[in-house]
Amino acid sequence: MRGRPAPAPLLIACALGIEQFALRRRERTPPGGPVTVLRTGMGPAAAERSVTRVLADPALHGAAVLATGFCAGLAPGMHPGDLVVAEETRDPRGSVPCVGTELLVKELVRAVPGRTVHTGPLTGSDHVVRGHERSDLLATGAIAVDMESAATLLSAVRTAERPVAAVRVVVDAPEHELVRIGTVRGGISAFRVLRSVLPAFYEWHRSLLLPRR
């Protein structure tokens, strides 16, 4: 008699060492199956290379992919420590729709009570966005920008059909740019939020494994 098939793994991709450090697992066995946290390095090219290489491993066959880490908010009123759940990611090569946005919002509200969660398009850039570039990107309908999410998700769906998502923590915003004094406090706030999101990611992953009705 054959055993039950192994659950599909989850690949969580981030760019920076500080993001990977924040995402260290605190429990031994995630509820949905094997989880890998990948540090891709900064920028879309590094993300594309790393994600494509890792997903070629047979152990990650069929893996769900979730891009995370810090981002820049584009909309007035955003604050460091706010969360962004992408409805889609965009870059000049195209857009990738995300799966399970509503569930992620629900679980993030539970995991990080009191934090504002924004939903909308997350756009990609090959450099740190400042000043007037924010308003230009906001005019396209995007609510936040980072350098790796779009490349991560595009690489993931090009290798195989799979569920993908992106969740980012705002580390700077129009009224709280990184170049200003006091942004260290904003960075600490964003780091603390990122440390708390794994339970929401695990629930998103587990929901993908449940039978559809």
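In this text, all values refer to a predicted model and were calculated from it rather than measured experimentally. Each residue takes its place number in the sequence, starting with 1.
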Hey, mind stepping through V35 and F201 against side-chain contact (heavy atoms from CB on, under 4.5 Å) and telling me if it holds? CA-CA 10 Å; V35 176; F201 296 174; over 6 Å; no

Tell me whether [X] shares a hydrophobic cluster with [Y], the cluster being built from Ile, Leu, Val, Met, Phe, Trp, Tyr side chains joined at under 4.5 Å.
X: V112; Y: V171; result: yes
X: V37; Y: L60; result: no
X: L194; Y: L66; result: yes
X: L16; Y: L11; result: no
X: V164; Y: V105; result: no

Mind listing the closest non-hydrogen atom pair of [X] and [Y] along with its distance?
X: S196; Y: A111; value: O-CB, 3.6 Å
X: P121; Y: G141; value: CD-O, 3.5 Å
X: R115; Y: S189; value: NH2-OG, 3.2 Å
X: V65; Y: W204; value: O-CH2, 4.0 Å
X: V197; Y: L108; value: CG1-CD2, 3.8 Å

Pairs under 3.5 angstrom only: tabulate donor-acceptor contacts from the side chains of residues 150-159 to other protein residues two or more places apart or in another chain.
| residue | atom | partner | partner atom | Å |
| --- | --- | --- | --- | --- |
| T152 | OG1 | E148 | O | 2.9 |
| S155 | OG | A151 | O | 2.8 |
| T159 | OG1 | A156 | O | 2.8 |
| T159 | OG1 | R162 | NH2 | 2.9 |

Inter-residue atom distance [X].[atom1] - [Y].[atom2], 0.5 Å rounding:
X: C14; Y: L38; atom1: SG; atom2: CG; result: 7.0 Å
X: L103; Y: R206; atom1: CG; atom2: CZ; result: 9.0 Å
X: E133; Y: L138; atom1: CD; atom2: CG; result: 13.5 Å
X: Y202; Y: S207; atom1: OH; atom2: OG; result: 15.0 Å

As a quick check of understanding, evaluate side-chain contact (heavy atoms from CB on, under 4.5 Å) for L23 and R39, giving each step before the final call. CA-CA 10 Å; L23 293 163; R39 177 184 173 186; over 6 Å; no

Are the side chain of R195 and the backbone N or O of F21 linked by a donor-acceptor pair below 3.5 Å? no

Donor-acceptor contact below 3.5 Å, side chain H205 vs main chain A8: yes

Check step by step if side-chain contact (heavy atoms from CB on, under 4.5 Å) holds for L198 and I12. CA-CA 10 Å; L198 274 178; I12 300 173; 3.7 Å; yes

Taking side chain as C-beta onward, heavy atoms only, is L10 less than 4.5 Å from L208?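 Side chain of L10 against side chain of L208, heavy atoms only: no contact under 4.5 Å found.
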
Can you check whether V170 reaches C71 side chain to side chain, under 4.5 Å on heavy atoms? yes

Show the numbers, then the answer: is there a side-chain contact (heavy atoms from CB on, under 4.5 Å) between E19 and V169? CA-CA 10 Å; E19 295 167 338; V169 182; over 6 Å; no

Name each donor-acceptor pair under 3.5 Å that joins a side chain in residues 81-99 to protein atoms two or more places apart or in another chain, with its distance.
| residue | atom | partner | partner atom | Å |
| --- | --- | --- | --- | --- |
| D82 | OD2 | H79 | N | 3.0 |
| D82 | OD2 | H118 | NE2 | 2.9 |
| E88 | OE2 | R90 | NE | 2.6 |
| E88 | OE2 | R90 | NH2 | 3.2 |
| R90 | NH1 | T140 | O | 3.0 |
| D91 | OD1 | R93 | N | 2.8 |
| D91 | OD1 | G94 | N | 3.4 |
| D91 | OD2 | R93 | NE | 3.4 |
| D91 | OD2 | R93 | NH2 | 3.2 |
| R93 | NH1 | E48 | OE1 | 3.1 |

